[in-house]
A.B. asks: 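Here's a structure for you.
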4 protein chains.
Amino acid sequence: MKVIADLCVVPLGIGVSVSREIAACERILTEAGLKTRLHAYGTNIEGEWDDVFAAIKRCHEAVHAMGVPRISTNIRVGTRTDREQTMDDKVRSVEEKLKQ
Amino acid sequence: MKVIADLCVVPLGIGVSVSREIAACERILTEAGLKTRLHAYGTNIEGEWDDVFAAIKRCHEAVHAMGVPRISTNIRVGTRTDREQTMDDKVRSVEEKLKQ
Amino acid sequence: MKVIADLCVVPLGIGVSVSREIAACERILTEAGLKTRLHAYGTNIEGEWDDVFAAIKRCHEAVHAMGVPRISTNIRVGTRTDREQTMDDKVRSVEEKLKQ
Amino acid sequence: MKVIADLCVVPLGIGVSVSREIAACERILTEAGLKTRLHAYGTNIEGEWDDVFAAIKRCHEAVHAMGVPRISTNIRVGTRTDREQTMDDKVRSVEEKLKQ
């Protein structure tokens, strides 16, 4: 089952700056061979369900290992059976409608 | 790694009523032995990371098997290493502050 | 336009315990005359669009005024034009399917 | 109060394709003078609280006016009082950590 997901990891109890932890998650997702795209409020991820969620679990483990005592994460995850669709397809589909 | 999660499964392409699909997910979570609490915009879930996410995957598979072509799910998931905390603890902690 | 929403306010930069800030938000929602129900990963809210979002804005203002430098909030919000539906209706609708 | 938000509007009851409705929301956000960036699971938005949420309300109104009977939206919204931060700042901050 292929998924397009969006991951927003929020580390608590370490101060206001969280970019070091987000960067650690980016590395984990990339090393997992997942297609990703960082944006200003999360990261788009494309891959197989098990691969995506195994990587998200490793993000939590890694961020805790960096000394973060609490994490609150928001995940959007979409699956569909009618057809294959990539992250680029989704963006292109909206952009084409915007040109009309 | 214990988690407290909140699951909101949104089936697309089947009409406005989605309670049949949500009920199917509730059954899956309960059969997985997870502690859950249904509310008006999702379901609280308490359990081990792997058990919780295996059950969420089964929800997607089951809802697709019911004929739903597309699903967009929102998951909140919290982990902490400083102490154990249950769903009831979280609610009680806020309610105690409200009494002060 | 009536909405059923779910609010999850996450204060950053103040330590791991956030129940004092969540309780402050609960008071604001209640004082706004909104129907609410606290759960383990947020708060269900029922009301008119403008009232709900004005109260959510006051939550951010109040939590910052308590000394919290950064807030990351997740909001689910549902609207429908086919029929009126309350928070209780949504839960009951799923529970009825569970009995069948 | 400046916000960086992320908006994910999910139209229900109209079939699996929702790009026409998402494009309508993009136009509304742009016409509101907000800085936006479309991605594969939502749209980043930067602006004043009132402007951002007024535009999100218009998105719901417009999508219902297109014939969509039900909408379930997920919004992430961040505010901070310690310093000003743009969407570009947030992405750059993570990318710099990735180079180290």
Side-chain angles (χ1 to χ4, degrees), chain A residues 3-11 15-31 35-47 52 66 72-100, chain D residues 3-11 15-31 35-47 52 66 72-100:
Chain A
V3 305
I4 294 178
D6 192 67
L7 175 68
C8 176
V9 172
V10 180
V16 287
S17 179
V18 298
S19 54
R20 203 174 63 100
E21 288 74 21
I22 304 305
C25 294
E26 290 298 303
R27 280 196 198 96
I28 287 165
L29 298 171
T30 304
E31 282 163 17
K35 196 171 169 193
T36 67
R37 198 172 66 151
L38 176 69
H39 59 79
Y41 221 130
T43 303
N44 296 165
I45 312 173
E46 186 182 318
V52 170
M66 292 168 83
S72 187
T73 287
N74 187 258
I75 305 167
R76 297 175 189 149
V77 56
T79 55
R80 57 195 301 177
T81 54
D82 59 323
R83 65 181 182 94
E84 291 249 330
Q85 190 186 37
T86 64
M87 299 192 303
D88 290 341
D89 290 338
K90 286 187 77 176
V91 172
R92 200 177 307 121
S93 179
V94 175
E95 286 176 343
E96 277 165 15
K97 301 288 186 308
L98 284 172
K99 282 176 204 152
Q100 285 164 12
Chain D
V3 306
I4 294 178
D6 193 68
L7 176 68
C8 175
V9 172
V10 180
V16 288
S17 179
V18 298
S19 53
R20 204 175 63 100
E21 288 74 19
I22 304 305
C25 294
E26 289 298 302
R27 280 195 198 97
I28 288 165
L29 298 171
T30 304
E31 282 163 18
K35 197 171 169 192
T36 67
R37 198 171 66 152
L38 176 70
H39 59 79
Y41 221 129
T43 303
N44 295 166
I45 312 173
E46 186 182 318
V52 169
M66 293 169 81
S72 188
T73 287
N74 187 258
I75 305 168
R76 296 174 189 151
V77 55
T79 55
R80 56 194 303 176
T81 54
D82 59 323
R83 65 180 182 96
E84 291 249 330
Q85 190 186 37
T86 65
M87 300 191 303
D88 289 341
D89 290 337
K90 285 187 78 175
V91 171
R92 199 177 308 122
S93 178
V94 175
E95 286 176 343
E96 277 166 16
K97 300 288 187 308
L98 284 171
K99 283 176 203 153
Q100 286 165 11

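Within every chain, numbering begins at 1; the chains are lettered A, B, ... in the order of the sequence lines, protein sequences first and strands thereafter. Because the structure is predicted, anything quoted here is derived from the model rather than measured.
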A.B. asks: Among A23(A), S93(A), A40(A), single out the residue with the greatest number of heavy-atom pairs under 4.5 Å to chain D.
C.D. replies: A40(A)
A.B. asks: Could you look at A24(D) and say if it's the side chain, the backbone, both or neither that has a heavy atom under 4.5 Å from chain A?
C.D. replies: neither
A.B. asks: Looking at side-chain heavy atoms only, is the closest gap between R76(A) and V10(D) below 4.5 Å?
C.D. replies: no
A.B. asks: Side chain, backbone, both or neither: which part of Q100(D) has a heavy atom under 4.5 Å from chain A?
C.D. replies: backbone
A.B. asks: Under 4.5 Å from any heavy atom of chain A, what part of K90(D) do you find: side chain, backbone, both or neither?
C.D. replies: side chain
A.B. asks: Any side-chain heavy-atom pair from V16(A) and R83(D) closer than 4.5 angstrom?
C.D. replies: no
A.B. asks: Measuring from S17(A):OG to D82(D):CG, what's the distance to the nearest 0.5 Å?
C.D. replies: 9.0 Å
A.B. asks: Please flag which part of D6(D) lies under 4.5 Å from any non-hydrogen atom of chain A: side chain, backbone, both or neither.
C.D. replies: both
A.B. asks: Between M87(A), Q85(A), R27(A), R20(A), which has the largest tally of heavy atom pairs under 4.5 Å with chain D?
C.D. replies: R27(A)
A.B. asks: Looking at V18(D), I22(D), N74(D), which one has more heavy-atom pairs under 4.5 Å with chain A than the rest?
C.D. replies: N74(D)
